Amino acid sequence: MSAALIQCQDVWKSYGKKEVLRGLNLQVESGRIVGLLGPNGAGKTTLLKLLSGLLQPEQGMVLIEGEVPGCATKSMVSYLPDKPYFADWMKVQDLIELFEDFYADFDRMKAEQMCAVLEIDIRRKMKTLSKGTKEKVQLILVMSRRAKLYLLDEPIAGVDPAARDFILSTILNNYNPDGTVLISTHLIADVERILDEVIFLQNGQVIRQELVDNLREKERKSVDGLFRDVFRTKSYEGGEFSC
Amino acid sequence: MDWRLDDSRPIWLQLQEQLTRRILSGHYPPGEKLPTVRELAAEAGVNPNTMQRALAALDAEGLTITNRTTGRVVTKDEAVLEGMRACLARGIIEQFYESAAELGYTKEQALELLKRRQNL
């Protein structure tokens, strides 16, 4: 039995004829903050959906703590989707209650305190909140669980730089230290400091997985700089991507 | 005192340097307890594992001492502190000579410039 928290072996997934994941292999350990990086269409969201159990692979194996994503893993995985999915007539406090009902590891106090810090009135309806505030509410809910694995799909894409800092510090201060956080994003420069490890995804495969500091030492540049180099060169070779 | 991180070098190394400077400048005086890893990580906005690595490097150099009951404290050993101070000073001096060399000055000329500046 391997100790890896996430294990993916030769995973294939396509939407119709479009192959999105093409024989993806991946292992992620516990206790890490990991960046899942790649150009648009690389398969980041699809991979997170497979890990959360929303999608099934056509081929290959996806395991979280040795289990196939499903009922058993939902209790240890906290997933932030790339799109809001809450009914907009609900109040923030309704959502807090919903999460409390659904997840045994949900810490209501924590969620309410975080809302208070951000001056979010929990009696307000979701539809009356701005886009950025909605995203903050979602992140608060997701990070108020004491999960083994947090899957965050583009958690900072839609918010202003100050809110970005808040979200990153929320992630740093609230993740379960034995758990792993997997963050997909394009905004590498913003998240780079909080990551242990990065995974570069391209054409549905992992092309690089490394500790951030090792990578900086080897390449003598930031992850952001490396990302730009890697994906720029590829596009000049007549690849399918135009970055 | 702000944390400044640049792009080209490993983050833990930069954290280690800045922590060392904080100790030598008396921001964290000898014998004082350092904030916890998580507190420091949150303050600098970095991953706790990265901060841990920087702090472990300070332990290895003897600048800090980790004790199970009291946490991590700055050493009171003057020799260690002085040694580190001298080491950093050497770096600055070397940098000065290198920069001067880039401008076309020999070591002697650079030193002469330095002396003249001092007499101003």
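Note that this is a predicted model, so its numbers are computed, not measured. Letters A, B, ... are given to chains in the order of the sequence lines, protein chains preceding strands, and every chain is numbered from 1.
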I'd like to know whether NZ of B:K76 has more than 12 heavy-atom contacts from other residues, nucleotides or ligands below 6.0 angstrom.
no
Are there residues of residues 84-112 of chain B whose heavy atoms fall under 4.5 Å of chain A's heavy atoms? If so, which?
none
Side chain, backbone, both or neither of B:Q14 within contact of chain A (heavy atoms, under 4.5 Å)
side chain
Within 6.0 angstrom of A:Q9 CD, more than 12 heavy atoms from elsewhere:
no
Toward chain B, the part of A:N214 with a non-hydrogen atom under 4.5 Å
side chain
Calculate, to the nearest 0.5 Å, the distance between atoms CZ and CG belonging to B:R38 and A:L172 respectively.
8.0 Å
The interface call for A:L168 against chain B, heavy-atom contacts under 4.5 Å, is neither
Distance from A:E192 atom CD to B:L5 atom CG, nearest 0.5 Å?
10.0 Å
Would the distance check show the side chain of A:D196 and the main-chain N or O of B:N49 forming a donor-acceptor pair, the cut-off being under 3.5 Å?
no
Taking the side chain as C-beta and beyond, is there a heavy-atom pair between B:T50 and A:D213 under 4.5 Å?
yes
Tell me the closest heavy-atom pair linking A:N173 and B:A42, and the distance in Å.
OD1-CB, 3.4 Å
Does any non-hydrogen side-chain atom of A:R193 lie less than 4.5 Å from one of B:N47?
no
Is there a side-chain contact between A:K221 and B:R9 in this structure, where contact means two heavy atoms from C-beta onward sitting under 4.5 Å apart?
no
